[in-house]
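Taking it in order: structure first as structure tokens, then the write-up.
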Amino acid sequence: MAEAVFKHGNPIMVDHTPGSAVAAGEVVEITANTFAGIAHSAIEASRKGSLSLGPGVYEFTADGALAIGAIVYWDTTANKVTATATNNPKIGTALTATTADGQKIDVYVFSFLGVG
């Protein structure tokens, strides 16, 4: 199952050559704890592909309660969005709310700003 599902927007795509295969919908940490992109299509290991840096709206799974407007981060261990900034790259802003772990949430992704 995809980690991120693209809903709409006009994302900026950047070249990326992964060391191992990347699945469509996978979130890829580009710079440790700072910068992440989203694969819209699968990328073979050691082959150039592209990652979205936003802007766009994507559906993710949340790791717990998150409020509308909350800044969210990508938890690279749990593969979910979280409110925890420590050791997680910033991914965007919550557009919907969640009340429990495992719920779906819409996020406005703005990784292209390079903020973290």
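Starting from 1, each residue takes its place in the sequence as its number.
The shortest side-chain heavy-atom distance between L51 and M13 does not fall under the 4.5 Å cut-off. Using a 4.5 Å heavy-atom threshold, the side chains of T76 and P89 count as touching. The shortest side-chain heavy-atom distance between V72 and Y108 does not fall under the 4.5 Å cut-off. Side-chain contact between P18 and H16: present, with at least one pair of heavy atoms (C-beta onward) separated by less than 4.5 Å. Annotation: side chain of W74 is not in contact with side chain of V107 (no heavy-atom distance under 4.5 Å). For the pair I71 and T93, the minimum side-chain heavy-atom distance is below 4.5 Å. Inter-residue side-chain proximity for N87 and Y73 is flagged as unmet; no heavy-atom pair is nearer than 4.5 Å. Considering only heavy atoms from C-beta on, V27 comes within 4.5 Å of F60 through its side chain.
Here the shortest heavy-atom pairing between A45 and A21 reads CB-N, 3.6 Å. Closest heavy-atom contact between A2 and A24: CB-O, 4.0 Å. The two residues A94 and A67 come nearest to each other via the heavy atoms CB-O, 3.4 Å. For the residue pair I30 and G37, the shortest heavy atom distance occurs at CD1-N, 3.8 Å.
Checking K80, E3, Q103 one by one against T61, the side-chain contact (heavy atoms from CB on, under 4.5 Å) holds for a single residue, K80.
Linking Ile, Leu, Val, Met, Phe, Trp and Tyr residues whenever their side-chain heavy atoms come within less than 4.5 Å leaves V81 and I68 in two separate clusters.
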Could you walk me through whether V57 and F6 pass the side chain to side chain contact (heavy atoms under 4.5 Å, CB included) test, one step at a time?
CA-CA 6 Å; V57 176; F6 179 67; over 6 Å; no
Show, in sequence, the C-alpha distance, side-chain angles and deciding distance for D106 and K7, and conclude whether the side chain to side chain contact (heavy atoms under 4.5 Å, CB included) test is met.
CA-CA 9 Å; D106 288 346; K7 295 183 94 174; 2.9 Å; yes
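If you take CZ on F110 and CD1 on I91, they are separated by 9.0 Å, rounding to the nearest 0.5 Å. Here T96 contributes atom OG1 and E59 contributes atom CD; the two are 8.0 Å apart, rounded to the nearest 0.5 Å. To the nearest 0.5 angstrom, N88 atom CG is 7.0 Å from T77 atom OG1. Note that OG1 of T99 is 10.5 Å distant from CD1 of I105, once rounded to the nearest 0.5 Å.
D15 and K48 are joined by a salt bridge, as a carboxylate oxygen and a charged side-chain nitrogen come within less than 4.0 angstrom of each other.
Side-chain atoms of T98 come within 3.5 Å of backbone N or O of G64 as a donor-acceptor pair.
Residues S52 and Y58 have side chains that bring a donor and an acceptor to within less than 3.5 angstrom of each other. At a cut-off of 3.5 Å, with distance as the only test, a side-chain donor of T82 or D63 sits close to an acceptor on the other residue.
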